[in-house]
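Numbering of ligands and ligand atoms starts at 1, following listing order.
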Amino acid sequence: MHFALIFIDLDGFKDINDTLGHDHGDLLLHQVAKRLRNCVRNHDTVARLGGDEFTLIIEGINDVERASEIAEKVKQSLMQCITINGAQVYVTGSIGLTFYPADGRSVEDLVKHADQAMYLSKSKGRNRYEFFSYIIEEQAIEKRRILEEIRVALSEDQFVLYYQPIFDLDGINVSKAEALIRWQHPQHGLIGPNEFIPMAEQNGLIEDIGNWVREQAIHDAAQWYYISGQIMQVSVNCSPLQFDRAGQWVDDWVLACNKQGLPRDTMVIEVTENTLMDPESPIQQQMHRLSHNGIDIAIDDFGVGYSSLAYLQRLDIDILKIDRSFIQHMETNESSIALVRAIITMASHLKVQVVAEGVETTGQHQILQQLSCDYLQGYLFAKPMPKDQFTELYITPLTPTAS
Ligand code: C2E
Ligand code: CA
Ligand code: CA
């Protein structure tokens with residue numbers, strides 16, 4: 001015996017339920033069930049597993065081509081407008097397919113694999129179908145392994161902070177730095193943040209990583225402050241998810257600075273615009289408390305998000321970091337220059353400092369000088385480097401006073 005097991009999860013069903021009410025939601029599920037019934041033969045099985053999840057069992061099928069035809073049919077039929085009590089609604093489905101016995105001989109395995117395939121459809125943008133493959137399974141195992149490794153990395157101190165200097169407009173003096181995390185992996189060497197931060201964000205580990213980064217960055221900034229007697233402003237990237245813990249988060253920053261005897265305006269918290277736009281997030285309130293306590297706030301990757309200007313003043317933003325994508329195209333694209341100019345002009349009126357990110361060529365440097373940008377960061381001047389190297393290059397020790 002062989003058959004195809006197909007999982008269908010409706011996309012956006014919750015929104016319909018929330019906006020039109022549960023009665024409409026129920027009617028919608030009825031209509032969907034009817035449509036699914038019409039996509040298969042009489043002796044095939046259509047079931048609703050709960051919520052907005054449906055299952056089809058198509059007997060006698062073990063080839064991808066025929067299963068694809070059915071999945072396509074299901075997809076198309078779900079996309080048609082549904083009228084419920086006069087209201088027109090649209091749903092789509094994320095579909096995952098498996099075959100018995102090729103993809104699993106036990107119910108548990110087959111269901112698990114159909115679920116993984118369905119999640120793959122969701123993650124690839126919904127309203128589509130995907131077949132289970134052992135590659136998906138391997139990816140899931142790999143993901144669990146990396147998460148476990150991140151936990152070990154935290155407990156065994158495998159993370160390090162690199163620092164990238166931020167230069168004054170002359171490209172010589174350095175008065176700020178951005179802390180950028182790296183993972184010194186015992187087998188794989190130095191791993192960049194893009195390889196593990198997103199995963200840590202999805203799995204709740206970002207809070208622990210964020211705490212570690214805060215303590216380390218404040219520790220390093222304090223050391224530089226005591227060596228040189230001057231403030232080297234250090235900025236730290238914070239993911240939106242770190243703000244979820246009510247209030248305590250701000251206190252942790254203040255306490256850590258106080259403990260090290262570090263002036264609080266040494267530290268800058270970098271957040272992206274999108275973080276600020278989420279009305280659900282407690283971040284706006286926490287931003288106010290941060291600036292009230294003297295910690296500076298920078299908007300990272302400015303220009304690629306909503307770029308709503310109203311919040312710049314309302315939230316007491318200190319620094320804008322113009323996204324690399326604009327700086328990159330300034331030499332070839334007039335409108336990029338116009339945008340950068342507009343940002344700089346606006347920021348200077350609002351008394352907000354501007355950092356140009358990702359400066360890579362002398363041409364870009366010249367344009368930014370003409371536009372009177374405040375600060376520059378990029379490979380043209382320096383790449384992120386280990387703390388010791390930064391100390392050696394950019395921290396001038398206090399000269400001992402003659403006695
Ligand atoms: P970001 O905040 O936009 O940081 C700037 C990134 O651009 C860094 O990559 C930096 O090395 C790179 N960069 C600097 N100058 C240039 C340049 O001239 N050209 C090019 N092509 N790239 C340049 P990195 O270190 O790989 O960090 C990537 C992202 O990871 C960061 O983007 C930030 O969003 C995130 N990240 C880094 N450290 C942390 C952290 O401690 N916590 C959190 N939550 N996220 C972090
Ligand atoms: Ca940043
Ligand atoms: Ca950035």
Ligand 1 N/O to protein N/O, distances under 3.5 Å:
{"residue": "ligand 1", "atom": "2 (O)", "partner": "E178", "partner atom": "OE2", "Å": "3.2"}
{"residue": "ligand 1", "atom": "2 (O)", "partner": "N237", "partner atom": "OD1", "Å": "2.9"}
{"residue": "ligand 1", "atom": "2 (O)", "partner": "D300", "partner atom": "OD2", "Å": "2.9"}
{"residue": "ligand 1", "atom": "3 (O)", "partner": "D301", "partner atom": "OD1", "Å": "3.4"}
{"residue": "ligand 1", "atom": "15 (N)", "partner": "Q164", "partner atom": "NE2", "Å": "3.0"}
{"residue": "ligand 1", "atom": "18 (O)", "partner": "Y379", "partner atom": "N", "Å": "2.8"}
{"residue": "ligand 1", "atom": "19 (N)", "partner": "E360", "partner atom": "OE2", "Å": "2.5"}
{"residue": "ligand 1", "atom": "21 (N)", "partner": "R324", "partner atom": "NH1", "Å": "3.1"}
{"residue": "ligand 1", "atom": "21 (N)", "partner": "E360", "partner atom": "OE2", "Å": "3.1"}
{"residue": "ligand 1", "atom": "22 (N)", "partner": "Y379", "partner atom": "OH", "Å": "3.2"}
{"residue": "ligand 1", "atom": "25 (O)", "partner": "R182", "partner atom": "NH1", "Å": "2.8"}
{"residue": "ligand 1", "atom": "25 (O)", "partner": "R182", "partner atom": "NH2", "Å": "2.9"}
{"residue": "ligand 1", "atom": "38 (N)", "partner": "I181", "partner atom": "N", "Å": "3.1"}
{"residue": "ligand 1", "atom": "42 (N)", "partner": "N237", "partner atom": "O", "Å": "3.3"}

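Using a 4.0 Å cut-off between charged side-chain N and carboxylate O, R126 and D9 make no salt bridge. Under 4.0 Å is where a charged nitrogen must lie from a carboxylate oxygen, and between E69 and R66 no such pair does. Salt bridge annotation for E149-R145: present, with a cationic side-chain nitrogen under 4.0 angstrom from a carboxylate oxygen. Salt bridge R264/D296: absent, no basic N to carboxylate O contact under 4.0 Å. Salt bridge K124/E130: present, at least one basic N to carboxylate O contact under 4.0 Å. The existence of a salt bridge linking D18 and K14 is confirmed by a sub-4.0 Å separation between a basic side-chain nitrogen and an acidic carboxylate oxygen.
Within the 4.5 Å cutoff, the side chain of L29 has heavy atoms near those of the R48 side chain.
In H292, the NE2 atom is not crowded: 12 or fewer heavy atoms of neighbouring residues, nucleotides or ligands sit closer than 6.0 Å.
The set of protein atoms (N, O or S) found at less than 3.0 Å from the Ca ion (ligand 3) reads D300 OD1, D301 OD1, E357 OE1, E357 OE2, by chain and number.
The salt bridge (charged side-chain N to carboxylate O under 4.0 Å, His left out) analysis of residues 165-180, with sequence neighbours excluded, yields the pairs E178-K321.
Minimum-distance N/O/S atom of E178 relative to the Ca ion (ligand 2): OE2.
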Side-chain donor/acceptor pairs under 3.5 Å, residues 77-89, sequence neighbours excluded:
{"residue": "Q80", "atom": "NE2", "partner": "Q76", "partner atom": "O", "Å": "3.1"}

